[in-house]
Amino acid sequence: MIIGKIKANREAVIELEVIGLAQRAKIEAVLDTGFTGYLMLPSDLINHLSLQLIGTRNVILGDGSNVTLDLYRAKVLWHNIERIVYVLRSDAELLVGMSLLHGSRVTLDVVTNGNVTIDVLP
């Protein structure tokens with residue numbers, strides 16, 4: 001089970017360990033059900049982890065704008081198992097998307113400091 005919290009600004013956040021070629025980093029990321037990818041990470045973290053660039057991806061942002069973002073390969077520790085994921089480079093956001101949540105049950109107690117739990121579906 002992965003456990004997080006609801007912040008005062010009503011964002012659901014979890015702690016996640018991201019594994020790159022050179023480093024590991026524990027991050028706090030926002031669950032974003034409108035993001036269909038795996039992870040979105042800022043440039044400085046991507047550089048720190050020495051993530052492998054594998055191409056670019058055209059995406060539509062929440063405001064409806066079309067952009068091309070760099071795409072990287074990384075691993076995350078997900079339910080105590082290393083899992084390969086794809087990471088989009090962002091300006092500042094750390095987001096967990098629906099592709100990483102796929103196969104999970106997410107429960108939110110949507111009050112400040114409420115629990116966020118992510119369980120593996122049977």
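Small disclaimer: the values here were computed from a predicted structure and weren't measured.
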Note to self: Distance check, rounded to the nearest 0.5 Å: L100 atom CG versus D32 atom CG?
What the structure shows: 12.5 Å
Note to self: Test of understanding: clusters of I, L, V, M, F, W, Y form through side-chain heavy atoms closer than 4.5 Å, transitively. Do L16 and V120 belong to the same one?
What the structure shows: no
Notebook entry, point to check: Counting distance only, does the side-chain N/O of T36 pair as donor-acceptor with the main-chain N or O of M98 below 3.5 Å?
Noted result: no
Checklist line | CD1-CD1 distance between I118 and I14, expressed to the nearest 0.5 angstrom | finding: 4.0 Å
Item checked: Side chain proximity check, I6 to V116, heavy atoms < 4.5 angstrom -> yes
Notebook entry, point to check: Hey, does N115 have a side-chain heavy atom less than 4.5 Å from the side chain of K5?
Noted result: yes
Check: Say you draw a straight line from CD of Q23 to NE2 of H48; how long is it, rounded to the nearest 0.5 Å?
Finding: 4.0 Å
Next item on the list: Could you walk me through whether E28 and E15 pass the side-chain contact (heavy atoms from CB on, under 4.5 Å) test, one step at a time?
Entry: CA-CA 4 Å; E28 187 175 86; E15 189 174 275; 5.6 Å; no
Next item on the list: Just jot down the side-chain contact (heavy atoms from CB on, under 4.5 Å) partners of K75, sequence neighbours excluded, or say none.
Entry: I19, E82, I84
Next item on the list: State plainly whether one hydrophobic cluster holds both V110 and L101, where clusters connect Ile, Leu, Val, Met, Phe, Trp and Tyr through side-chain heavy atoms under 4.5 angstrom apart.
Entry: yes
Checklist line | Linked, directly or transitively: L77 and L21 (ILVMFWY side chains, under 4.5 Å) | finding: no
Checklist line | Heavy atoms of other groups near L121 CG, more than 12 under 6.0 Å | finding: yes
Checklist line | Audit row: L41, I27, side-chain contact (heavy atoms from CB on, under 4.5 Å) steps and yes/no | finding: CA-CA 10 Å; L41 299 176; I27 63 167; 3.7 Å; yes
Notebook entry, point to check: Considering only heavy atoms from C-beta outward, does the side chain of V96 approach that of L39 to under 4.5 Å?
Noted result: yes
Check: Are any non-hydrogen side-chain atoms of R89 and N47 less than 4.5 angstrom apart?
Finding: yes
Margin query: A side-chain contact here means heavy atoms from C-beta on lying under 4.5 Å apart; do Y72 and V85 qualify?
Written below: no
Note to self: Could you work out, with ring-ring contact (aromatic ring centres under 6.0 Å, His included) as the rule, every residue matching F35, not counting sequence neighbours?
What the structure shows: none
Check: Would you say the side-chain atoms of N58 and T68 include a donor-acceptor pair closer than 3.5 Å?
Finding: yes
Next item on the list: Treating Ile, Leu, Val, Met, Phe, Trp and Tyr as nodes and any side-chain heavy-atom pair under 4.5 angstrom as an edge, say whether L51 and I54 lie in one connected cluster.
Entry: yes
Note to self: Hydrophobic clusters here meaning ILVMFWY residues chained together by side-chain heavy-atom distances under 4.5 Å, can you tell me if V67 and L71 are in one?
What the structure shows: yes
Notebook entry, point to check: Is there side-chain contact between T117 and I2, with at least one heavy-atom pair below 4.5 Å?
Noted result: no
Checklist line | Rounded distance (nearest 0.5 Å) linking atom OG of S90 with atom CG of L45 | finding: 9.5 Å
Checklist line | More than 12 heavy atoms of other groups within 6.0 Å of N66 CG | finding: yes
Note to self: My understanding is that only residues two or more places apart in sequence, or in another chain, count here; which of them pass ring-ring contact (aromatic ring centres under 6.0 Å, His included) with Y38?
What the structure shows: Y86
Item checked: Minimum side-chain heavy-atom gap V59-L61 below 4.5 Å -> yes
Margin query: For R10, is the CZ atom crowded, meaning more than 12 foreign heavy atoms sit under 6.0 Å from it?
Written below: no
Next item on the list: May I ask you to test the D119-M1 pair for a side-chain heavy-atom distance under 4.5 Å?
Entry: yes
Next item on the list: Find the distance between CD1 (I60) and OG (S65) and round it off to the nearest 0.5 Å.
Entry: 9.0 Å
